[in-house]
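Before any comments, here is the structure.
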There are 2 protein chains.
Amino acid sequence: MALGALKIGAKSRDEFLERLREINQTLAATRPTARNLFRAIDRMQQVAEAGKNIEQIKKTLVDEAVKIHSEEAEATRKLSQLGAELIQDSFTIVTHCNTGALATGGYGTALGVIKQAKEQGKDIKVLATETRPLLQGARLTTWELKKANIPFTLITDSMAGYFMSLGKVDCVIVGADRIAANGDTANKIGTYSLAVLAMENGIPFYVAAPTTTIDLSLASGNEIPIEQRSQEEVTHIQGVSIAPEGTKAANPAFDVTPHHYITAIITENGIIKEPYIERLKKIG
Amino acid sequence: MALGALKIGAKSRDEFLERLREINQTLAATRPTARNLFRAIDRMQQVAEAGKNIEQIKKTLVDEAVKIHSEEAEATRKLSQLGAELIQDSFTIVTHCNTGALATGGYGTALGVIKQAKEQGKDIKVLATETRPLLQGARLTTWELKKANIPFTLITDSMAGYFMSLGKVDCVIVGADRIAANGDTANKIGTYSLAVLAMENGIPFYVAAPTTTIDLSLASGNEIPIEQRSQEEVTHIQGVSIAPEGTKAANPAFDVTPHHYITAIITENGIIKEPYIERLKKIG
């Protein structure tokens, strides 16, 4: 929004704000599920509406953007430090999708916790799910784990449950795109399955997310809008077709994990457990 | 084995049988998990050992091979008919991997049941999992479903649980590579996860397999050998790399679903439920 605002050549404050609202709407329409996006652009809009003149608003928007970014970075670093206390020496950790510096506004959420545990000198291993359809685990998480010198093994999404059943997993930790008031959490498709499998095998299941992910306006996860993406992301992998021509595919990008599967939610303001509905209100 | 036997140019019956044993061992070493393979080659070996002279043995082996094939075809057709009774009109069915005519010795197992339900005029829909790493669902099951005019949607393996949680799945049906005496079932990696997710969501989970899949010599699924395949099947999809160079991957080709997750096992000799340990002995 700041970059867009700098390019607006409006003649009046009203025209400027109107054009800024269009930029806001364009950004808001990119993705419906993640909460942080809406928090950030709403905050930018509010800052702009409170400004006196165009030049001052432009400067304020740039300052606010930098501030949001550094707050997010600070929040992820802090939640990673808090969360790392849950990771014990010799743990094997399952994580899903990418939640490191590549995906978040800072240090990382689930992957931040893992990196912090490593920085504390803990001897850990990661089972990274490839995360179909877009393979963020295979492409990005592996790259970040390698950079951080954390031993890892890439697995298909379908293997995580099997390794849990063999007793080879000590905890599961994932990020979140939106957390409803009752603790229900929307995250990358496949997260719900990992949570059910973790509970079935008596393995802790942690969600790591900054408080900007919390949406107290939604009573439960049923109200979280789930982005439906194109069929081609399923029928093709990196441009190569994997199914017969004309095959129809579903592609919900996220799913919702009901709160009772979540052992704890790790935020920069503390690690909380059930009843989430009271505790999220205090920190969200 | 029959084709191999026809090419043996041995001078004596003993030499011929020795060469046949080598062929047997070569075939046995191809894959460790599926039971049917060992049943078939053991049966061929026994028939050969009982033969009088080389020419007679060669003829007997060809006859026996044709017989095994037609028995397998008949068994899958019969179990498909029996199993189709479990499929109700308007069902949406999750299936995993390929279990149709392309993968079995005949009509199909899980996919046979689905095809039979369609032939009975039932209005059914299938959610076919792509089945990473080798994508048998995306490549083969979709093709067979299309041929059979059964409406289907391709999903990633990670989506099945989510659709179950939305109440959009009426049953899960899969094949089996080996069934231990207590009903524990080895099948394509990801099957265990589907079974846990089905139980969690109160959805019936069926295993469809001919009795040749049953291995009464193994007390439980813990004893079933699981084939570990190459890392490249995970780090590459159809020859295209999906992970950074040097990424290590796990690739167990199968997993084991404990019997208590299985609502029923569908065989050509009947549909059985717990206690499997008694009922499998009667039909296996």
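A note on names: the letters A, B, ... follow the listed sequences, proteins ahead of strands, and every chain is numbered from 1.
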Rounded to the nearest 0.5 Å, what separates atom CG in B/Asp157 from atom OG1 in A/Thr129?
12.0 Å
Heavy-atom closest pair (A/Ser158 atom, B/Ser193 atom, distance to 0.1 Å) is O-OG, 3.9 Å
Is it the backbone or the side chain of B/Thr141 that comes under 4.5 Å from a heavy atom of chain A, or both, or neither?
neither
Check step by step if side chain to side chain contact (heavy atoms under 4.5 Å, CB included) holds for B/Ile242 and A/Glu130.
CA-CA 9 Å; B/Ile242 60 157; A/Glu130 63 176 3; 3.6 Å; yes
Heavy-atom neighbours of A/Lys125 NZ exceed 12 at 6.0 Å
no
Checking side chain to side chain contact (heavy atoms under 4.5 Å, CB included) for the pair B/Tyr261/A/Glu200: CA distance, chi angles, key distance, verdict?
CA-CA 11 Å; B/Tyr261 294 108; A/Glu200 186 71 4; 2.5 Å; yes
Flag side-chain contact, heavy atom, 4.5 Å: B/Tyr162 against A/Thr191
no
Looking only at heavy atoms, which two atoms of A/Pro244 and B/Thr142 are closest? And how far apart?
CD-OG1, 2.9 Å
Interface check, chain B: of A/Gly137, A/Pro258, A/Ala243, A/Gly246, most non-hydrogen pairs under 4.5 Å belong to A/Ala243
Largest heavy-atom contact set with chain A, pairs under 4.5 Å, which of B/Val196, B/Leu197, B/Val240:
B/Leu197
Name the option with the most non-hydrogen atom pairs under 4.5 Å to chain B; the candidates are A/Gly239, A/Ser165, A/Ala138.
A/Ala138
Okay, A/Glu233 and chain B: the region with an atom under 4.5 Å from a heavy atom over there is neither
Residue, of B/Asn201, B/Thr156, B/Val256, B/Thr257, that accumulates the most heavy atom pairs under 4.5 Å with chain A
B/Thr156
For A/Leu166, which atoms come within 4.5 Å of any heavy atom of chain B: side chain, backbone, both, or neither?
neither
Could you tell me whether the side chain of A/Pro252 reaches within less than 4.5 Å of the side chain of B/Phe163, counting heavy atoms only?
yes
Just give me the residue among A/Pro151, A/Gly161, A/Pro133 that pairs up with chain B most often, heavy atom to heavy atom, under 4.5 Å.
A/Gly161
Ranking A/Lys188, A/Arg132, A/Lys146, A/Met199 by heavy-atom pairs under 4.5 Å to chain B gives rank one to A/Arg132
Mind checking whether B/Leu154 and A/Thr235 have side chains closer than 4.5 Å, heavy atoms only?
yes
If you tally heavy-atom pairs under 4.5 Å between each of A/Met159, A/His96, A/Arg139 and chain B, the highest tally belongs to A/Met159
Here the gap from B/Ile155 atom CD1 to A/Asn251 atom CG, rounded to the nearest 0.5 Å, amounts to 11.5 Å
Measure A/Thr131 against the heavy atoms of chain B and call it side chain, backbone, both or neither at under 4.5 Å.
neither
Distance from A/His236 atom NE2 to B/Ile237 atom CD1, nearest 0.5 Å?
13.0 Å
If you tally heavy-atom pairs under 4.5 Å against chain B, which of A/Thr247, A/Leu140, A/Leu127 wins?
A/Thr247
